[in-house]
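Remember, it's a predicted structure, so these values are computed and weren't measured experimentally.
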Amino acid sequence: MLAKLRIGQLLSSSLPRRICERRFLAAHNAFSNSEESPESPELPSWIKDFLSNKPSSSPNPISDDDEDFVIPSLAIWVSTQKLSRQEEASTAEKPVQDIDKVSDFLNKKEASHEDIINALSQCDVVVTETLVLQVLRRFSNGWSQAYAFFTWAKSQTGYTHSSHAHNAMVDVLGKCRNFDLMWALVDEMFELVTLDTMSKAMRRLAKSGKYGEAVDAFLEMERKYGVGRDTNAMNSLMDALVKENSIEHAHEVFLKMFNTIKPDSRTFNILIHGFCKARRFDDARTVMDLMKAAGFGLDVVTYTSFVEGYCKEGDFRRVDEILEEMREDGVRPNVVTYTIVMHSLGKARRIAEALGVYEKMKEDGCVPDGKFYSSLIHSLSKTGRFKDAVEVFEDMMEQGVSRDVLVYNTMISSAVHHSRDEMALRLLKRMEEEEEGLCSPNVETYAPLLKMCCQKKKMKLLGVLLHHMVRNDVSIDVATYILLIRGLCISGKVEVACLFFEEAMRKGMVPRDSTCKMLVEELEKKGMGEAKLKIQSLVQTKVMIKSQSPLPVA
């Protein structure tokens with residue numbers, strides 16, 4: 001096992017003390033996990049048939065000479081992923097049975113909103129808040145399915161949607177950019193609207209580039225919904241704008257509200273981070289001076305923003321200068337600080353200096369966390385030191401640091417990058433077995449595995465992994481559909497790519513134009529004229545899909 005001394009031994013050379021003592025700052029939100037976790041996919045019929053060991057009900061896009069997934073040491077685990085839905089139901093806990101029953105109704109093809117609601121009357125489940133939240137999580141990209149269930153659930157005897165459930169539905173609608181229906185629901189839940197509700201709405205608007213509408217929502221929320229425009233509310237709006245690259249709008253809000261809402265240290269730090277993110281360091285300095293004039297001390301987040309900006313520019317000389325200023329001000333770096341600097345050095349392929357950060361951490365008594373280890377593993381792997389990366393991963397528990405989803409994702413991606421396919425699959429297996437449900441996979445966990453399946457034409461394993469995603473309530477988003485479509489096209493599995501393209505289009509997740517063009521060109525090369533016309537017809541419905549009027553709020 002890799003003891004603490006081992007990391008010191010990873011240093012390829014003795015570093016000057018000046019190098020070991022520098023570069024230790026990170027942004028407040030650096031390395032944050034994505035909050036997004038979109039809707040579980042309705043599996044194409046050929047995958048469903050494979051998983052339930054049935055003859056395929058659609059033309060089989062898999063040829064007999066496809067590589068099957070045969071790893072004897074993982075055979076038992078793989079077989080458990082290939083259970084039919086009926087077999088699963090007999091061995092699962094009741095909450096799992098309920099979510100699967102609901103999913104069966106929501107996944108019916110070509111069913112309208114009203115059809116789904118009517119069909120759900122035959123669904124034998126007891127509606128609870130837990131079930132509602134699980135359904136909304138599983139179908140967080142399929143707003144029509146999620147909203148149909150949400151509408152049906154509130155009509156059930158003995159159940160009333162809580163503020164938490166309403167907010168989750170608001171978030172799904174905002175995520176899918178159905179803003180008219182989102183606001184209609186907010187109006188309907190008038191008495192339950194809170195700052196959390198408005199924050200979700202403002203963040204989704206900002207993420208869609210509707211900065212002005214996000215600001216308007218903030219300005220109107222007290223009059224319309226009784227939600228106070230206080231410092232926390234203003235910070236929530238400004239943070240959403242900055243994270244979505246609109247420091248200009250965040251600054252305008254700050255100036256407009258300055259005499260009405262008293263800013264706090266977080267307000268100033270949000271602005272400083274935004275200006276540094278936009279590489280407007282002089283403006284960030286101006287805000288820093290204003291922060292001090294307002295009586296707030298500069299903290300690690302303040303300095304972090306500057307160093308993150310300079311790290312991204314690769315200007316490590318300026319990083320040193322900021323760090324010296326930081327020390328003179330009596331502010332010590334924290335674990336996020338060390339992580340961002342090590343990551344930046346590793347990205348610049350300055351691995352020896354990156355490893356030197358660890359030595360400085362020990363001197364400062366700062367304990368590494370999962371994000372730090374993830375960055376270290378990534379840096380080692382990218383520079384060809386995969387064996388060292390594995391040893392660091394295995395040693396984490398000995399050092400008292402739990403492996404989180406980010407660490408597993410990094411290790412799985414590294415294993416795939418180094419063609420260690422079996423290891424990558426073992427890590428997914430370990431994730432669910434060893435972490436005792438405390439470390440659930442997300443869409444980033446599966447992405448490198450799905451890409452590997454496409455590249456190596458492992459269609460059966462692809463089906464197993466998609467099924468595994470469903471069981472873990474991990475949804476497939478448009479980025480994953482694009483990954484699958486493009487990967488399958490490149491590997492010659494154009495027929496399968498068409499299935500995923502059709503599925504994405506049916507759910508309103510339209511792949512970008514370059515992906516559509518790639519699929520059409522591959523179909524043309526193969527002389528698949530009929531399939532090409534079908535795909536082109538689906539592409540032409542893009543405008544219609546975007547212009548679909550929202551459903552009325554029941």
Side-chain angles (χ1 to χ4, degrees), residues 38-52 54-66 104 106-113 115-116 139 141-145 148 176-178 450-451 453-455 457-460 462-463 465-467 469-470 475-549:
E39 170 213 355
S40 291
E42 178 189 346
L43 302 180
S45 58
W46 65 271
I47 291 180
K48 286 183 177 178
D49 293 340
F50 164 71
L51 293 173
S52 56
K54 296 177 182 177
S56 179
S57 58
S58 57
N60 187 0
I62 310 176
S63 61
D64 292 337
D65 60 354
D66 279 330
D104 281 342
L106 298 183
N107 278 330
K108 293 183 183 299
K109 292 186 178 181
E110 310 303 333
S112 68
H113 178 77
D115 290 338
I116 294 174
F139 291 90
N141 263 350
W143 72 265
S144 180
Q145 296 155 308
C176 297
R177 304 190 179 191
N178 198 329
L450 297 176
K451 186 175 182 179
C453 289
C454 293
Q455 290 175 337
K457 304 180 182 180
K458 292 180 177 287
M459 297 297 99
K460 290 189 176 181
L462 181 66
L465 289 171
L466 288 170
H467 187 56
M469 291 177 72
V470 173
S475 52
I476 189 167
D477 56 4
V478 67
T480 307
Y481 275 117
I482 290 172
L483 180 156
L484 290 168
I485 294 164
R486 296 184 71 87
L488 290 165
C489 280
I490 291 171
S491 64
K493 293 293 180 182
V494 187
E495 300 90 339
V496 187
C498 287
L499 294 175
F500 284 111
F501 185 90
E502 291 173 24
E503 183 178 300
M505 292 292 291
R506 182 172 58 82
K507 293 179 179 179
M509 290 183 275
V510 183
R512 52 176 171 260
D513 292 343
S514 60
T515 302
C516 301
K517 181 180 178 181
M518 181 182 196
L519 179 57
V520 168
E521 289 176 351
E522 290 300 317
L523 289 169
E524 188 171 353
K525 287 179 185 177
K526 284 203 167 190
M528 300 173 63
E530 186 176 343
K532 174 187 170 183
L533 290 174
K534 184 176 182 181
I535 295 301
Q536 289 177 324
S537 176
L538 286 172
V539 173
Q540 289 172 359
T541 66
K542 181 176 181 178
V543 176
M544 294 178 59
I545 292 174
K546 287 188 173 182
S547 63
Q548 282 180 344
S549 59

My understanding is that only residues two or more places apart in sequence, or in another chain, count here; which of them pass salt bridge (Lys or Arg N to Asp or Glu O under 4.0 Å) with Lys517?
none

Please round to the nearest 0.5 Å and tell me the distance separating atom NZ of Lys458 and atom NZ of Lys493.
12.5 Å

Measure the spacing between CD of Glu495 and CE of Met528 and express it to the nearest 0.5 Å.
4.5 Å

Go through the steps for His113 and Gln145 under the test side-chain contact (heavy atoms from CB on, under 4.5 Å), then give the verdict.
CA-CA 7 Å; His113 178 77; Gln145 296 155 308; over 6 Å; no

With rounding to the nearest 0.5 angstrom, report the SG to CG distance, Cys453 to Leu465.
5.0 Å

Any chance you could measure Gln536, atom CD, to Lys532, atom NZ, to the nearest 0.5 Å?
5.0 Å

So CG of Leu523 and CZ of Phe501: to nearest 0.5 Å the spacing works out to 9.5 Å

Let's go through Val496 and Leu484 carefully: what are the C-alpha distance in whole Å and the side-chain angles of both, what is the deciding distance for side-chain contact (heavy atoms from CB on, under 4.5 Å) to 0.1 Å, and is it a yes or a no?
CA-CA 9 Å; Val496 187; Leu484 290 168; over 6 Å; no

side-chain contact (heavy atoms from CB on, under 4.5 Å) with Ala497: which residues, sequence neighbours excluded?
Ile485, Leu488, Cys489, Leu519

Any sub-3.5 Å donor-acceptor pair from Asn141's side-chain atoms to Cys176's backbone N or O?
no

Glu521: what forms a salt bridge (Lys or Arg N to Asp or Glu O under 4.0 Å) with it, not counting sequence neighbours?
none

Quick check: does any side chain N or O of Ser491 sit under 3.5 Å from a backbone N or O of Gly487, one acting as donor and the other as acceptor?
yes

With sequence neighbours excluded, residues passing salt bridge (Lys or Arg N to Asp or Glu O under 4.0 Å) with Lys525
Glu522

Could you go through Phe500 and Leu466, starting from their C-alpha distance and side-chain angles, then the distance that decides it, and tell me whether this counts as side-chain contact (heavy atoms from CB on, under 4.5 Å)?
CA-CA 12 Å; Phe500 284 111; Leu466 288 170; 3.6 Å; yes

Between OG on residue Ser514 and CD1 on residue Ile482, distance to nearest 0.5 Å
7.0 Å

Could you list the residues that satisfy side-chain contact (heavy atoms from CB on, under 4.5 Å) with Leu483, not counting sequence neighbours?
Ala447, Leu450, Lys451

